[in-house]
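See below for the structure under consideration.
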There are 2 protein chains.
Amino acid sequence: MSSPGADPARRRVTSTDVAREAGVSRATVSYVLNRDSRQSIPDVTRQKVLDASARLGYRPYGPARLLRGARSSVVLMLTPGLEHASDFVAAGIITSLGAATRHHGLHLVWQLGAEELETAIDLAPAVVLTSVPDGDPLIGELSEQFSVPVASAFPHLDAFLAASASAQVEHLVARGRRRLAFAAPARPELGATATIRHRAANAAAAAAGIPLPHRFEVPDDRAAAGAALRAELEAHPELDGICAFNDEVAFAVLAAAADSGIPVPARIAVIGVDNHPFGPLTCPALSTVESDVDAFVTQFAAHVAQLAAGEAAEPPPLPDQAHAVPRAST
Amino acid sequence: MSSPGADPARRRVTSTDVAREAGVSRATVSYVLNRDSRQSIPDVTRQKVLDASARLGYRPYGPARLLRGARSSVVLMLTPGLEHASDFVAAGIITSLGAATRHHGLHLVWQLGAEELETAIDLAPAVVLTSVPDGDPLIGELSEQFSVPVASAFPHLDAFLAASASAQVEHLVARGRRRLAFAAPARPELGATATIRHRAANAAAAAAGIPLPHRFEVPDDRAAAGAALRAELEAHPELDGICAFNDEVAFAVLAAAADSGIPVPARIAVIGVDNHPFGPLTCPALSTVESDVDAFVTQFAAHVAQLAAGEAAEPPPLPDQAHAVPRAST
DNA sequence: CTGTTAGCGCTTTCAG
DNA sequence: CTGAAAGCGCTAACAG
């Protein structure tokens, strides 16, 4: 009810209020609070301003500063199509990016979903980031909308996606597997990404001198997934290894194998992608593949800071290497 | 390089530009674009303005509108302590809330992590939401910082948390289980929440006339989790059901049981909380408990819209009921 | 060293 | 029906 300061109707404290309270002019307040090095303010005056500001709880009003020409500290992240925020990889990168940009004095905010971009105008970001890949037309549209630099948060996404599939194949080959399949997710919106990974798996298989992995779809429903896996093994009895599109698909494959009495890894080895935190908890524990994005995130945050400062620059690419995280399923 | 509109240095298009292009005054532009009903603008003039605006790609500049006194359409979500955005339940509620607020013309943006709240000033939100519960002192601080209404996004959180534990106990009792344990997560920051659920489980057990569930911790490490589960069963041999703090802990319990040769549900039944999408994929598929938050989200979005409009109001509470989602593990 | 002032882009009276 | 002008809160150039 009456929690301190919770009154929504309370007038905002302005720099005029601080000036009056401190008995100086608004310019002096601005000089002190912004530490203008070209002015030398006596310590007593400075202190008076600081005290008055603290006493009143003064916070400069963002819109006014921005209107005056200050550089915004807001970085807006837009992820059209990523309808659920708990997507593990994307959310992980976005989370770390938020922390990393803060070191540059920037505040990353994430507008979830984000269709209807038109009206998000009073955000006034310094930079807009998006989950769509580099060449997407949306980038141009956004740039026009916001009149600020727009960049893909996932530069060189294809190579990044491909790297994990290659690493999967290499790991399975190193484990002695020769006849592989590629387990694709059923959700149609992931089809394009799955194709990128499948192609990379094919290329890695060719390089290793083994047959190209056959692609099959893993339905969302557990019983249907079991049927799909059994059908796949009947059609390709010599199959001994499965590259799953990601850990989530791999979980379904493991469940399907367990339901069908197919021993993993004795009959088939299974490997996922992403190193999901639940991977260690499956039966058997899921082998997977991981890319180290820490270095990328740090570099990309610096790149965002450059964009925010008005400097054009090439973004650092996502890592194009992945390494296996071997567990019991291979 | 030269994607259309990607030039960061390009000057913003202002309402003056549109007025000049259309050959009218800035006031007329404003009238037309804001559909001011008190003015009657001839259709030809109106069309000239609309055309000029479209041709130039004009977008009114948010900060200037806000400075003029317009109501912000931004709702800022702050989640201190929620360090990883892929937390399933919170992310789910936040995602749906973003969609629901959009129906009220509001744009929810999520500042991840969000320590150092001081400098996020040029956001100018209409409302600030936070993940901390109702009485938290942070609410007052934020209200002072932003001079706008601040509310917890999870009103009456305790009852919400408790409901799921009660539903777990009731489900297990209905399945004929009598000697229960409460499996708590090892992460200390979840301890308080775990205590709320454990107490609710105790209360439900008392109401059902069975012994109070004993609390034990499930370590993150799989081998350690197995040891903990075996120790628990040795100490309480008559144990026949486990309420896990959430599905994630339940996954660990299932893995521990599998590793230790403890049949689920024959020897012990296991039930989680949250209806995590991977629950159907465990071995055996995990029974869980779910609260229907759709109605809450819709009502809460309306409440946020009220706050944004400057009307004080009581928030709708989170649901205080949960229902079981029975699967193979119970 | 401090105060006055112009002006960012927008909406909205108030005159014409 | 259209145009001129004020003012939101802030910063920075310019006087004093």
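Quick note on labels: first sequence line is chain A, next is B, and so on, each numbered from 1.
- Nucleotides of DNA chain D nearest to A:Thr14 and B:Arg68 differ in position, and the one nearer the 5' end is that of B:Arg68.
- As judged by a 4.0 angstrom heavy-atom cut-off over every strand, A:Asn34 is placed among residues touching the sugar-phosphate backbone only.
- The nearest whole Å value for the distance from the CD1 atom in A:Ile121 to the P atom in C:dC10 is 11 Å.
- When the C1' atom of C:dT12 is taken as reference, atom CG of B:Leu33 falls 15 Å away, rounded to whole Å.
- Remark: B:Arg38 is in phosphate contact with C:dT13, judged by side-chain N or O atoms under 4.0 Å from OP1 or OP2.
- In this structure, B:Pro63 reaches neither bases nor backbone, as no heavy-atom distance under 4.0 Å exists between it and the strands shown.
- Side-chain atoms of A:Ser25 lie closest to C:dT4 of the nucleotides C:dT4, C:dT13, C:dA6.
- Whole-Å rounding puts the B:Arg35 CZ to C:dT12 C1' distance at 18 Å.
- A:Arg71 has its CZ atom 16 Å from the C1' atom of C:dC8, to the nearest Å.
- For the pair A:Asp51 and A:Lys48, the salt-bridge criterion is not met [side-chain N within less than 4.0 Å of a carboxylate O].
- Side chain of A:Ser152 to main chain of A:Val132: a donor-acceptor pair is present (N/O by atom type, distance under 3.5 Å, no hydrogens or angles).
- Between the side chain of B:Asp134 and the main chain of B:His156, a donor-acceptor pair closer than 3.5 Å is present.
- Of the candidates A:Ile139, A:Leu78, A:Leu307, A:Leu78 is the only one forming a side chain to side chain contact (heavy atoms under 4.5 Å, CB included) with A:Val128.
- The nearest heavy atom of DNA chain C to A:Arg26 and to A:Thr45 marks one nucleotide each, and the one closer to the 5' end goes with A:Thr45.
- The side chain of B:Tyr31 lies closest to C:dT13, out of C:dG3, C:dC10, C:dT13.
- At whole-Å resolution of the value, OH in B:Tyr61 and P in C:dT11 are 14 Å apart.
- The interatomic distance linking A:Lys48 (NZ) with C:dT2 (C1') rounds to 11 Å, in whole Å.
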Discussion item. Run the side-chain contact (heavy atoms from CB on, under 4.5 Å) test on A:Arg65 and A:Arg68 for me, step by step, so that the C-alpha distance in whole Å, both residues' side-chain angles and the decisive distance to 0.1 Å come before the verdict.
Written reply: CA-CA 5 Å; A:Arg65 285 188 22 186; A:Arg68 192 61 185 72; 5.6 Å; no
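- The shortest distance between side-chain heavy atoms of B:Ser131 and B:Pro80 falls below 4.5 Å.
- Residue B:Leu66 contributes atom CG, which lies 13 Å from atom P of C:dT12 at whole-angstrom precision.
- With C:dG9, C:dT12, C:dG3 as the candidates, the nucleotide lying closest to the side chain of B:Ser30 is C:dT12.
- The two atoms that bring B:Val18 and B:Ala52 nearest to each other are O-CB, 4.0 Å, heavy atoms only.
- The outermost nucleotides of DNA chain D lying under 4.0 Å from heavy atoms of chain A, listed 5' to 3', are D:dG9 to D:dC14.
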